[in-house]
Amino acid sequence: MRVFLHIGAHRCATTSFQEYMRQNVASIATQGVGYWGPNQTRRGLFQGVLPGPQPSLDEDHAERARGRVQLKLAAERATGFQQLVISDENLMGSMRQNLHIGGLYSDVGERMSRFAATFDDQLTDVVLNIRSLDHYWASALTYGVARGFPFPNKNTLDRYARATRSWRDVITDVALALPDVNLWVQPFDAFGGRPDAQLNSMTGIDAPRTHARIRLNRSPRVEELRTYLVDEDAQKLDGQFGRWRPFDEEQVALMREAYADDVMWLVSGADGLAQLSEDNQDQAEGPQPFRRTLTRGRPHDQNQQVAGSG
C-alpha cells in the first residue's frame with residue numbers, strides 16, 4: 001500500500017483539502033484510496049510520537065504510538081486499499097510558533113524523524129505545500145491577530161521579511177529526515193483551492209469534482225479584522241479595505257525574491273531532494289499555471305521600442 005503523508009503547510013488551503021477528502025471518502029474508496037484526516041490523527045493516534053508538555057509516565061510511549069499506527073495501517077491494507085492519504089498540517093509544527101520565532105517550521109526535521117520511526121518504513125511519499133512568502137506571512141498574521149496574537153510593529157514585520165529560513169530549508173530538513181521517502185512539493189500558485197487536482201497529482205485517480213470548491217478558514221478581510229482588535233490597533237487599519245497587506249513594498253520585494261530563489265531551486269532539481277508535483281488537470285477555468293521558468297522577475301516585452309535621443 002502506498003502511504004502519502006500530506007503535511008501542509010498552514011495557510012495553503014489544507015483545511016479545505018481535508019474537508020474535500022472527508023466529503024468524498026466513500027467515492028475515493030471505490031478507487032482504492034483510503035483517507036485519514038485530523039478526525040483520526042488528532043484523537044490519540046499519534047499520542048506519544050512527539051514529546052508533550054508533561055513527561056510521560058510510560059517509558060515506551062513512542063513504541064505504543066508505533067503499535068497503534070501499525071495496527072491501523074494493517075486494517076487499511078486488509079480492506080484492500082492500494083493507497084492511503086494522511087493529511088494533517090500540524091505534523092509540521094504550529095503556525096503560532098512560526099509567528100513567535102519569525103521563521104518557518106524550525107523543528108520540522110526532528111518531528112519528521114519521529115514520524116518516520118512511527119510508520120516503521122511504511123511511509124512512501126510526503127506531500128508539502130508552499131506559498132509565496134509575502135502571502136504566507138500576511139495570511140498567517142491575519143489569522144493570528146484575529147485570534148489574539150499581538151498586532152505586529154515595523155520591527156516585527158521586518159523580522160519576517162528578512163528571515164533567512166525559507167521553504168528550501170524546510171524541504172531540505174524534511175528530505176534529510178525521510179531519506180527513503182518520495183518528497184513532492186505542491187505550490188499554492190497551482191494547487192491552492194483545487195483539492196481535486198491535489199488528489200489527482202498524488203494518487204493518479206480520477207478525483208471527484210464534488211465538493212471541490214469548498215473554501216474553509218479564509219483570512220478575515222480588513223473590515224472584519226477590525227472587530228477583533230482593540231481601538232488602538234484597529235485605527236492602524238484606517239484607509240485599508242479588503243485583504244490586509246501588513247508589509248511595505250521593500251519587505252514584499254525581499255520575500256518575493258526569496259521565494260523566487262526557492263522555486264528556481266525546485267525547478268532545477270532541488271539537489272535531488274524533492275520534486276514539483278505535476279498538475280494533470282485542465283486549468284482553463286482555474287488559476288493560472290505555475291510558472292516553471294528559471295527567469296526571475298517579470299518578463300520583458302522584447303518588441304518594445306526605446307525612444308531615441310533628441
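Index from 1, following the sequence.
- Taking 4.0 Å as the cut-off between side-chain N and carboxylate O, Arg221 and Glu224 do not count as a salt-bridged pair.
- Residues passing the side-chain contact (heavy atoms from CB on, under 4.5 Å) test with Ser139 are Arg11, Arg131, Ser219, sequence neighbours excluded.
- Between the side chains of Asn129 and His6, at least one donor N or O lies within less than 3.5 Å of an accepting N or O.
- Nearest heavy atoms, Ala138 versus Phe247: N-CE1, 3.8 Å.
- At a threshold of 4.5 Å between side-chain heavy atoms, the hydrophobic network of Ile, Leu, Val, Met, Phe, Trp and Tyr places Leu104 and Leu254 in two separate groups.
- Scanning all heavy atoms of the two residues, the minimum distance from Thr14 to Gly8 falls at CG2-CA, 3.4 Å.
- Of all non-hydrogen atoms in Leu266 and Ala274, the two that sit nearest each other are CD2-CB, 4.4 Å.
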Expected list for residues 231-239: side-chain donor-acceptor pairs under 3.5 angstrom, two or more places apart:
{"residue": "Asp233", "atom": "OD1", "partner": "Lys236", "partner atom": "NZ", "Å": "3.2"}

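- With sequence neighbours excluded, the residues that form a salt bridge (Lys or Arg N to Asp or Glu O under 4.0 Å) with Glu110 are Arg114.
- Note that CG of Leu199 is 12.5 Å distant from CZ of Arg194, once rounded to the nearest 0.5 Å.
- Under the 4.5 angstrom side-chain criterion for Ile, Leu, Val, Met, Phe, Trp and Tyr, the cluster partners of Leu216 are Ile214.
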Under the salt bridge (charged side-chain N to carboxylate O under 4.0 Å, His left out) rule, what do Asp261 and Arg256 come out as? Steps first, then yes or no, please.
CA-CA 9 Å; Asp261 288 342; Arg256 289 184 178 176; over 6 Å; no
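- Side-chain rings of Phe115 and Phe46 approach one another, their centers coming within less than 6.0 Å.
- In this structure, Arg147 forms a cation-pi arrangement with Tyr143, its terminal cationic atom sitting closer than 6.0 Å to the ring centre and no more than 45° off the ring axis.
- Evaluation of the salt bridge (Lys or Arg N to Asp or Glu O under 4.0 Å) rule for Arg243 yields no partner, not counting sequence neighbours.
- Counting heavy-atom neighbours within 6.0 Å of Arg215 CZ, excluding the residue itself, gives a total above 12.
- Ring to ring, Trp137 and Tyr259 are not that close: their centroids are 6.0 angstrom or more apart.
- Distance check, rounded to the nearest 0.5 Å: CG of Leu45 to NZ of Lys72 gives 6.5 Å.
- Within the 3.5 Å criterion, the main-chain N or O of Ala207 finds no donor-acceptor partner in the side chain of Gln31.
- Aromatic ring centres of Tyr136 and Trp167: separated by under 6.0 Å.
- For Arg168, the salt bridge (Lys or Arg N to Asp or Glu O under 4.0 Å) test picks out Asp271, with sequence neighbours left out.
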